[in-house]
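First up is the structure itself, then whatever we jot down about it.
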Amino acid sequence: MKLRLLLLCPLLTIAILVAREVSAQGVYLCNLPNGTREYRNTGDTRGCRKLDLESISTIPSPAPPPSATQAKASTDPSFPRIESQLQKRRDQDRVQILLEEMRLEESKLSELKREFQNGEPERLGSERNYAKYQERVAMMKEAMIRTEKNIEALRREISQLK
């Protein structure tokens, strides 16, 4: 019975929220033969009664004013600007940093793959329990997947800069 009440609360909330939309047809509470209750927009079945709901009034929010920073940036001559040559150098430095990060991630991935040995890494002495070994193999797989995703993200970022 409590489960039914928990299920009816969201339904009632939704029914009240959309009451304005449905107010032309009305909202009906129907008691079904199996004892459950349903909220419907038509009362064409036996056991339904129309609910009298108050109309919901809504007030639209005002349109946001143009942002002050955009207006100031476009009109204010004292707004800081960067020379194009300086920006190009910064972009080149960024690409170099990203390429270095990608190189490091690729070397990390190759090391992980070498250690992983196609899903059969060497068993350590501390892994007498097979479950510990499987746990380490699963962690190695996750690390390889994470590293591959990092490489993919770095490639996307580099391609957007060029």
Side-chain angles (χ1 to χ4, degrees), residues 1-22 27-42 45 51 53 56 58 60-70 72-73 79-162:
M1 186 66 180
K2 289 183 181 181
L3 181 61
R4 287 184 185 166
L5 288 175
L6 288 174
L7 293 173
L8 285 179
C9 287
L11 289 174
L12 182 61
T13 304
I14 292 171
I16 291 171
L17 290 175
V18 297
R20 182 175 180 191
E21 301 282 330
V22 184
V27 176
Y28 296 85
L29 176 61
C30 300
N31 292 320
L32 301 178
N34 63 0
T36 60
R37 293 180 173 183
E38 284 187 358
Y39 292 92
R40 297 183 179 179
N41 60 351
T42 59
T45 60
L51 297 176
L53 301 173
I56 299 173
T58 60
S61 63
S67 75
T69 57
Q70 288 176 348
K72 186 177 180 181
F79 189 76
R81 301 202 184 265
I82 298 175
E83 295 177 18
S84 63
Q85 293 298 327
L86 178 61
Q87 186 61 45
K88 284 180 185 178
R89 275 186 284 169
R90 287 181 180 175
D91 291 341
Q92 289 171 351
D93 290 344
R94 183 174 179 202
V95 169
Q96 291 303 315
I97 291 169
L98 291 171
L99 287 171
E100 179 63 22
E101 283 182 34
M102 190 169 72
R103 188 188 63 74
L104 290 173
E105 288 291 323
E106 286 172 342
S107 66
K108 179 180 173 183
L109 180 63
S110 66
E111 176 65 26
L112 286 170
K113 284 183 177 181
R114 185 188 58 76
E115 186 181 338
F116 189 64
Q117 297 178 3
N118 293 327
E120 297 179 6
E122 284 189 34
R123 212 163 163 176
L124 302 177
S126 62
E127 296 173 333
R128 292 183 183 170
N129 186 349
Y130 188 66
K132 285 185 179 183
Y133 172 74
Q134 287 179 323
E135 183 179 323
R136 184 171 65 95
V137 170
M139 288 175 43
M140 291 171 78
K141 269 186 187 177
E142 290 173 7
M144 285 182 2
I145 291 170
R146 187 174 41 252
T147 304
E148 288 171 348
K149 286 182 181 180
N150 288 346
I151 291 170
E152 185 179 313
L154 287 167
R155 284 187 180 144
R156 267 195 317 268
E157 193 168 343
I158 290 169
S159 69
Q160 290 174 354
L161 291 176
K162 290 184 177 182

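R146 is linked by a salt bridge (charged side-chain N to carboxylate O under 4.0 Å, His left out) to nothing, counting only residues two or more places apart in sequence or in another chain. Scanning for side chain to side chain contact (heavy atoms under 4.5 Å, CB included) contacts around Q117 gives E122, with sequence neighbours left out. When the salt bridge (charged side-chain N to carboxylate O under 4.0 Å, His left out) test is applied to E152, the partners found at least two apart in sequence or on another chain are R156. Partners of Q134 by side chain to side chain contact (heavy atoms under 4.5 Å, CB included), not counting sequence neighbours, listed by chain and number: Y130. The side chain to side chain donor-acceptor pair (under 3.5 Å) check on E100 picks up R103, with sequence neighbours excluded. Residues satisfying the side chain to side chain contact (heavy atoms under 4.5 Å, CB included) test with E148, not counting sequence neighbours, are L109, K113. A search for salt bridge (charged side-chain N to carboxylate O under 4.0 Å, His left out) contacts involving E135 returns nothing, not counting sequence neighbours. For K149, the side chain to side chain contact (heavy atoms under 4.5 Å, CB included) test picks out I145, with sequence neighbours left out.
To the nearest 0.5 angstrom, L154 atom CG is 6.5 Å from E105 atom CD. Atom NZ of K108 sits about 4.0 Å away from atom OG1 of T147, to the nearest 0.5 Å. Atom CG of L99 sits about 9.5 Å away from atom CG of L161, to the nearest 0.5 Å.
Counting heavy atoms from C-beta on, the side chains of E106 and I151 come closer than 4.5 Å. A 4.5 Å side-chain heavy-atom check between R114 and E111 finds at least one atom pair inside the cut-off.
Nearest heavy atom pair, residue T42 against residue Y28, reads C-CD1, 3.4 Å.
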Do any side-chain atoms of residues 85-94 form donor-acceptor pairs under 3.5 angstrom with protein atoms, and if so which ones, sequence neighbours left out?
unit_1 : atom_1 : unit_2 : atom_2 : d
Q87    : NE2    : D91    : OD1    : 3.1
R94    : NH2    : E157   : OE2    : 2.7

